[in-house]
Amino acid sequence: MPEGHTIHRLARRHRQHFGGLQVAKSSPQGRFEEGAALLDGQVLDEVDAWGKHLFHRYDDLWLHVHLGLFGRFRDGRGEPDEPRGALRLRITTTDRWADLRGPTACEVLTAPERGVLLARLGPDPLRPDADRDAAAARIARSRAPIGTLLMDQSAVAGVGNVYRSEILFRHEVDPWLPGRELDPTTWEAMWDDLVVMMTAGVQSGRIVTTEPEHRERPEGRVRRVDASYVYGRAGRPCRMCGTPVERAELAARTAFWCPICQAR
DNA sequence: GCAAAATGTCAAG
DNA sequence: TTGACCTTTTGCA
């Protein structure tokens, strides 16, 4: 399930597998029939990702996909199986296929429509053209908690619930600290760290925010339980100080934090 | 067999 | 702030 790293990883994969090729499209479920027909057989000219939004360009039209909480792409080689269940979109070339299920958005956009969408997104730490200062300025003038701002896609694009809790822990910041009270130097360090963490997420396909010395098995495959400092660890001891990790709703999602390490 | 939860977003009130 | 929506997986009877 997806935060920004998942989308950038998908973009890379789709570029490799489908870029420059004629791509057939269908919507076995029927909910994207018109869009699929519109793009069917066209050549994939360009793949792009911004925050949690994925784009394919086919000539002058864009396929826009947002996975939301439940959406998922699966892909493979050769002939795909008979479509089963709620399959929103299937794309195929002569030797590859990819299936999309459960997205929040799967639609065809014109370039101007895509522009409108991008205009409401903040800088994405995974994009080389990201404007770190724009995010800093937005945070510096906001009374909203930093834990809310990190989830606000118009402030920073691509951060989700896991990276939110983890980046706050790594920089010892109270999730409820108003943005305007966050030391700008701390924000710069958090941003740079987001770039590192999320880039690693693109490479590995999973979110790992713990330093090697805080993972149970530094050598072998990192077990899921060791991948985070606080996310999903409510009531269990903080890896740094042993205090039970707290959890509470913040911006309609569950935030996790250590009340001692992240005290104001 | 079914409820609940899950890395998200938007519109209505 | 709340509820609705998209789907799969897990855990409990």
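Letters A, B, ... mirror the listed sequences (proteins, then strands); counts begin at 1. All values below were derived from every heavy atom in this structure, side-chain atoms included, with hydrogens, water molecules and symmetry-related copies excluded.
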Can you tell me which nucleotide in [options] comes closest to the side chain of [X]?
{"X": "A:His5", "options": "C:dT9, B:dT7, C:dT7", "answer": "B:dT7"}
{"X": "A:Phe70", "options": "B:dG8, B:dA6, B:dT7", "answer": "B:dA6"}
{"X": "A:Thr104", "options": "B:dG8, C:dT7, B:dT7", "answer": "B:dG8"}

Base, sugar-phosphate alone, or nothing: which one does [X] contact when heavy atoms must sit under 4.0 Å apart?
{"X": "A:Glu166", "result": "nothing"}
{"X": "A:Arg164", "result": "nothing"}
{"X": "A:Arg74", "result": "nothing"}

Under 4.0 angstrom between [X] side-chain N/O and [N] OP1 or OP2:
{"X": "A:Tyr163", "N": "B:dT7", "result": "no"}
{"X": "A:Arg253", "N": "B:dT9", "result": "no"}
{"X": "A:Lys52", "N": "B:dT7", "result": "no"}
{"X": "A:Arg72", "N": "B:dG8", "result": "no"}
{"X": "A:Gln153", "N": "B:dG8", "result": "no"}

Heavy-atom closest pair, residues A:Glu3 and A:Asn161: OE2-N, 3.2 Å
Scanning both residues in full, the closest heavy-atom pair of A:Tyr229 with A:Thr209 reads CE1-O, 3.2 Å
According to side chain to side chain contact (heavy atoms under 4.5 Å, CB included), who are the partners of A:Ala86, at least two apart in sequence or on a separate chain? A:Gln29
Which is more 5' along DNA chain C, the nucleotide nearest A:Gln29 or the one nearest A:Ala252? Just name the residue. A:Ala252
Donor-acceptor list for residues 257-264 of chain A side chains, cut-off 3.5 Å, not counting sequence neighbours:
| unit_1 | atom_1 | unit_2 | atom_2 | d |
| --- | --- | --- | --- | --- |
| A:Gln262 | OE1 | A:Cys258 | N | 2.8 |
| A:Gln262 | NE2 | A:Leu168 | O | 3.4 |
| A:Gln262 | NE2 | A:Val173 | O | 2.9 |
| A:Arg264 | NE | A:Asp174 | OD2 | 2.9 |
| A:Arg264 | NH2 | A:Trp176 | O | 3.0 |

